Amino acid sequence: MSSEPRHVAVIGAGLAAVSLCAALRAGGYTGRLTVLGDEPCQPYDRPPLSKQFLAGERGVAEIAVQPAQWYVDQGIDLRLGIAVAALDADTGRVELADGSALAADVLVLATGGRARRLTAPGGQAAMVLRTRADAEALRERLVPGVRVLIAGAGLIGAEVAATATHRGCRVTLVDPNPLPMEQALGPHAARALHAQHAAHGVPVVRGGVFAVEPGEVTLSTGASVPADLVMAGIGIVPNVELAQDAGLDVDNGVLVDAGMRTSAPDVYAIGDIARIGGSAHRSEHWDNACRTADAAARSILGLPPEARRAPWFWTDRYGTHLEMTGLYDPAAEAVPRGDIEAGAGTVFYLRDGRCVGAVSLDRPLDIRAAQRLIDRDVPVRAERLADEGTDLRKLVAARA
């Protein structure tokens with residue numbers, strides 16, 4: 001729009017929504033800000049839900065995105081525990097489930113996603129982990145000796161397996177892939193993570209869930225696994241229903257441009273639900289929530305977009321820390337530095353003499369260097385990356 005909007009309403013109250021508000025205020029926006037969230041609690045970070053919060057090592061206040069006073073200080077009208085029933089993309093009118101309504105000059109959809117449920121008979125009874133309430137309910141059940149079956153050995157499933165094992169549970173992981181996470185991380189890092197399960201007494205069974213019954217799960221292989229608790233960690237379903245009903249373009253997410261604009265004027269989408277045109281997939285990571293929020297804020301304020309930066313995510317399990325930046329390309333040259341499968345190392349992925357991705361186990365500084373190599377498009381030789389004597393900072397500085 002040609003002038004600063006008088007009122008920006010954000011539908012959703014997660015990290016992306018709060019990051020957007022922070023970016024708008026930091027950019028000088030002085031207008032009205034309203035955030036609408038259907039959960040009754042203050043906005044919180046999701047990554048600790050499968051780790052420190054689930055383990056009981058962090059409390060509610062420690063996972064809050066911002067303290068309650070921050071919203072007051074920033075002049076944000078935070079409305080919690082109320083769902084949005086419908087929106088009108090043409091007029092900016094938002095109808096709430098309690099029968100009230102509001103209107104805004106700009107609408108931002110940050111509705112995130114919901115946990116995907118098992119479709120097998122009895123699978124609806126399986127627990128999931130997406131919300132703080134989910135984590136609290138799951139934590140009560142993770143007591144020493146309980147038999148836990150987790151369907152899905154991706155980020156969430158594996159992190160919960162590690163946390164449950166730490167709490168004394170007897171965990172079995174079930175996944176249809178022979179090497180979970182290989183398509184995202186590459187084979188070296190995937191093997192390193194996969195080996196951790198066996199090292200901590202967690203069997204990983206290849207297959208799917210065929211049926212869930214009290215005390216037992218039947219797998220697609222025909223085998224039966226005793227289980228007191230079943231959890232599904234098989235991804236999320238993007239909450240695009242509001243956008244779809246409002247007539248916005250939707251295809252595995254709400255379609256947006258690089259400035260997070262949807263197909264309707266003055267309506268934006270950020271976070272897990274946004275799929276940038278030309279991208280094959282949505283990104284559901286913490287870093288993406290922050291970056292898409294910043295991009296939308298700049299668009300709303302009429303500021304030029306910032307240069308694209310390499311994506312980044314992390315996972316913690318069994319006391320180790322993995323990070324990845326850029327993308328894994330099966331056709332790229334894999335350049336090991338150290339020995340990631342032995343417990344500490346990095347694998348850089350090169351294409352045409354440029355770094356396009358890197359994954360590291362317990363070597364976060366390597367990832368910082370890789371991010372800069374990617375962002376600055378620095379030419380680099382494989383032998384220099386592989387050489388532990390090479391100072392990666394100097395490689396980056398060559399194009400500073």
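The structure displayed is predicted, hence computed values, not measured ones.
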Do [X] and [Y] sit within salt-bridge range, that is, some charged N less than 4.0 Å from a carboxylate O?
{"X": "E333", "Y": "R351", "value": "no"}
{"X": "R368", "Y": "E323", "value": "yes"}
{"X": "E39", "Y": "R132", "value": "no"}
{"X": "R309", "Y": "D375", "value": "no"}

Common cluster, [X]/[Y], ILVMFWY with side-chain heavy-atom separation under 4.5 Å:
{"X": "L392", "Y": "L373", "answer": "yes"}
{"X": "L327", "Y": "L179", "answer": "no"}
{"X": "L78", "Y": "V108", "answer": "yes"}
{"X": "V359", "Y": "V396", "answer": "no"}
{"X": "V356", "Y": "Y328", "answer": "yes"}

How many angstroms lie between [atom1] in [X] and [atom2] in [Y], if you round to the nearest 0.5 Å?
{"X": "I276", "Y": "R261", "atom1": "CD1", "atom2": "CZ", "value": "11.5 Å"}
{"X": "W70", "Y": "I76", "atom1": "CH2", "atom2": "CD1", "value": "3.5 Å"}
{"X": "D287", "Y": "M324", "atom1": "CG", "atom2": "CE", "value": "13.0 Å"}
{"X": "T346", "Y": "H188", "atom1": "OG1", "atom2": "NE2", "value": "12.0 Å"}
{"X": "L15", "Y": "W286", "atom1": "CG", "atom2": "CH2", "value": "6.0 Å"}
{"X": "I156", "Y": "R130", "atom1": "CD1", "atom2": "CZ", "value": "8.0 Å"}

message: Which label fits H285 and F313: parallel for a plane angle under 30°, tilted from 30 to 60°, or perpendicular past 60°?
response: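 The rings of H285 and F313 lie parallel, inter-plane angle below 30°.
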- prompt: So Y318 and H197, would you call those rings parallel, tilted or perpendicular, with 30° and 60° as cut-offs?
  reply: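 Rings of Y318 and H197: perpendicular, as their planes differ by over 60°.
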task: Begin from the C-alpha positions of Y268 and V256 and carry the test side-chain contact (heavy atoms from CB on, under 4.5 Å) through to its verdict.
output: CA-CA 7 Å; Y268 298 76; V256 296; over 6 Å; no
Nearest heavy atoms of [X] and [Y], plus distance in Å:
{"X": "D387", "Y": "G389", "value": "OD1-N, 2.8 Å"}
{"X": "Y349", "Y": "L185", "value": "OH-O, 3.2 Å"}
{"X": "L361", "Y": "G343", "value": "CD2-O, 3.7 Å"}
{"X": "A17", "Y": "G12", "value": "CB-O, 3.1 Å"}
{"X": "V217", "Y": "A227", "value": "CG2-CB, 4.1 Å"}

Verify the distance criterion only: is there a donor paired with an acceptor across the side chains of [X] and [Y] at less than 3.5 Å?
{"X": "E213", "Y": "T218", "answer": "no"}
{"X": "Q42", "Y": "Y71", "answer": "no"}
{"X": "H194", "Y": "Q196", "answer": "no"}
{"X": "H7", "Y": "D105", "answer": "no"}

Enumerate donor-acceptor pairs with a distance under 3.5 Å from any side-chain N or O in residues 146-154 to protein atoms, sequence neighbours excluded.
unit_1	atom_1	unit_2	atom_2	d
R147	NE	D228	OD1	3.3
R147	NE	D228	OD2	3.1
R147	NH2	D228	OD1	2.8

CA sep, side-chain torsions, deciding dist, call: L138, V160, side-chain contact (heavy atoms from CB on, under 4.5 Å): CA-CA 10 Å; L138 184 59; V160 172; 4.1 Å; yes
field: Qualifying residue for side chain to side chain contact (heavy atoms under 4.5 Å, CB included) with N239, from I11, T111, V254, D272
entry: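 For N239, the side chain to side chain contact (heavy atoms under 4.5 Å, CB included) test succeeds with only one of I11, T111, V254, D272, which is T111.
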message: Show, in sequence, the C-alpha distance, side-chain angles and deciding distance for W312 and Q371, and conclude whether the side-chain hydrogen bond (donor to acceptor under 3.5 Å, both in side chains) test is met.
response: CA-CA 8 Å; W312 167 74; Q371 286 177 307; 5.4 Å; no
